[in-house]
Trainee: 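One structure coming up, written as structure tokens, with questions to follow.
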Amino acid sequence: MRDKLERAKEASYKLMMLSTKEKNDVLFDCADLLIENIRYILDENEKDLENARANNMTEGLYDRLKLTDERIRGMADGLHALVRLPDPTGAVAPMYRRPNGLMIGKKRIPFGVVGIIYESRPNVTADAFGICFKSGNVCVLRGGSEALNSCKAITDVIKKALVKRGIDENVITYLENTDHESIRELITANKLVDLVIPRGGKGLIDFVLKNATIPSIQTGTGNCHVYVDEFADLEMAVDIIVNAKTSRLGVCNACESLVVHKTVAEKFAPMINEALKPYNVEIRADETARGYCGEFAEATSDDWGTEYLDRKISLKIVDSIEEAILHINMYNTGHSETIVTDKLANADYFLTLVDAACVYVNASTRFTDGSEFGFGAEIGISTQKLHARGPMGLKELTCEKHVIIGSGQIRE
């Protein structure tokens with residue numbers, strides 16, 4: 001691995017010198033080649049899907065792994081969207097003059113080499129490359145064994161576009177070694193890797209945070225809540241919850257937990273039960289909620305903090321918006337939370353006090369996504385509070401350095 005990382009580091013200096021046009025030309029070619037090679041990518045993906053079925057992979061994870069014609073075209077669309085976005089690198093903030101004549105400013109630069117560790121989602125391969133490349137970063141990718149064939153196929157296609165344009169193909173490196181030690185080696189590669197981003201389950205993220213010796217970004221799991229306020233439009237609440245829970249089970253912005261105000265609970269409980277029943281979603285509820293609908297399963301304390309990625313959802317009845325927010329902040333993962341309400345004061349209260357990267361009013365949590373936010377793509381959803389929070393786009397994959405221009409000044 002060290003040889004690969006050394007080549008990646010060397011390639012990072014070449015990449016920093018490319019113009020925006022040169023980078024955009026490569027992204028256009030990558031998008032075209034992804035579409036031209038749909039059949040090849042789908043054939044390789046089917047090998048992974050066959051293994052997944054043999055290993056009884058859960059429905060949510062299987063959905064993450066599965067590629068379709070539409071999803072591959074979506075990957076290409078994401079690259080096209082990145083082309084249309086401004087290049088953040090090289091921009092210099094207005095400089096100011098010190099009394100001694102020194103001119104001081106800040107220049108936006110890429111990190112250099114970014115390692116991305118991810119599970120089950122081969123589309124991350126193209127998204128990560130695109131956003132790293134446009135922001136001037138080399139990417140070192142380490143996918144999971146369950147998606148090995150798919151990720152290798154997408155990487156092969158990207159490398160063809162790089163070779164076509166005479167770009168060092170080491171600006172993307174895919175690590176095929178999927179054992180646990182390969183992660184440890186990547187996240188302790190000081191001087192060779194500048195930033196590591198884990199995208200996966202809690203176990204992976206915790207391992208990276210505890211063991212990395214290079215800077216890392218925490219991209220959290222998603223125990224996302226919908227709070228149905230006492231002033232909610234209940235029909236709207238049902239529509240939002242059905243979308244947030246059932247449109248895709250295996251994504252981090254899916255709703256996993258419901259919190260409902262007691263004044264609307266008796267009416268709302270049977271409504272949400274009937275709405276989710278066609279989707280075979282099991283509702284695990286507290287004692288009060290079960291009194292309003294006998295079909296609910298009994299919730300345990302573990303359910304309040306669980307990211308199911310499955311056809312399950314928890315339901316908690318609360319006495320007030322204050323209790324709702326306390327419950328959400330206790331059990332959420334800092335990802336995405338929403339309130340359904342017609343009362344402006346309650347919406348503002350929720351927006352102010354809920355501790356999460358993305359906080360919504362009257363909308364599905366499923367919108368927490370780089371493309372939906374206008375970023376073209378994303379490198380992950382950061383749930384930490386330093387450097388970046390929420391969907392990480394091009395600017396979030398850069399940092400600043402001070403540039404100082406003098407005319408011979410010396411400090412006395």
Trainee: Sequence neighbours excluded, which residues qualify as ring pair (Phe, Tyr, Trp, His ring centres under 6.0 Å) partners of F28?
Mentor: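 For F28, the residues satisfying ring pair (Phe, Tyr, Trp, His ring centres under 6.0 Å) (neighbours in sequence not counted) are H80.
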Trainee: I'd like to know whether R366 forms a side chain to side chain donor-acceptor pair (under 3.5 Å) with S247, so could you lay out the CA-CA distance, the side-chain angles of the two residues, the decisive distance to 0.1 Å, and finally the verdict.
Mentor: CA-CA 8 Å; R366 289 280 286 113; S247 58; 2.7 Å; yes
Trainee: Taking 4.0 angstrom as the limit, do E70 and R73 come out as a salt bridge?
Mentor: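 No, this pair does not count.
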Trainee: Which one of N24, D87, T89 satisfies the side chain to side chain donor-acceptor pair (under 3.5 Å) criterion with K134?
Mentor: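 When side chain to side chain donor-acceptor pair (under 3.5 Å) is applied between K134 and each of N24, D87, T89, only N24 qualifies.
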Trainee: Give me the atom names and distance for the closest heavy-atom approach of W304 to N223.
Mentor: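 That closest heavy-atom pairing would be O-ND2, 2.9 Å.
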Trainee: Looking at K245 and D239, is any side-chain nitrogen of the basic one under 4.0 Å from a carboxylate oxygen of the acidic one?
Mentor: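 Salt bridge between D239 and K245, a charged N being under 4.0 Å from a carboxylate O: no.
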Trainee: Apply ring pair (Phe, Tyr, Trp, His ring centres under 6.0 Å) to F111 and list each qualifying residue two or more places apart in sequence or on a separate chain.
Mentor: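 If we apply the ring pair (Phe, Tyr, Trp, His ring centres under 6.0 Å) test to F111, skipping adjacent residues, the hits are H387.
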Trainee: Set out, in order, the CA-CA distance, both residues' side-chain angles and the distance that settles ring-ring contact (aromatic ring centres under 6.0 Å, His included) for Y331 and H225, then state yes or no.
Mentor: CA-CA 9 Å; Y331 292 103; H225 295 73; 7.8 Å; no
Trainee: Can you check whether Y227 reaches H327 side chain to side chain, under 4.5 Å on heavy atoms?
Mentor: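 No, side chains not in contact.
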Trainee: Kindly indicate, with the supporting measurements, whether the criterion side chain to side chain donor-acceptor pair (under 3.5 Å) is fulfilled by S150 and D48.
Mentor: CA-CA 7 Å; S150 307; D48 293 328; 2.5 Å; yes
Trainee: Are L27 and V83 packed together at the side-chain level, in the sense that at least one heavy-atom pair is separated by less than 4.5 angstrom?
Mentor: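 The answer is yes, as the side chains (C-beta and beyond) meet within the 4.5 Å cut-off.
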Trainee: Do E119 and R64 meet the salt-bridge criterion of a basic N to acidic O distance under 4.0 Å?
Mentor: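 Between E119 and R64 there is no salt bridge, as every charged N stays at least 4.0 Å from the carboxylate O atoms.
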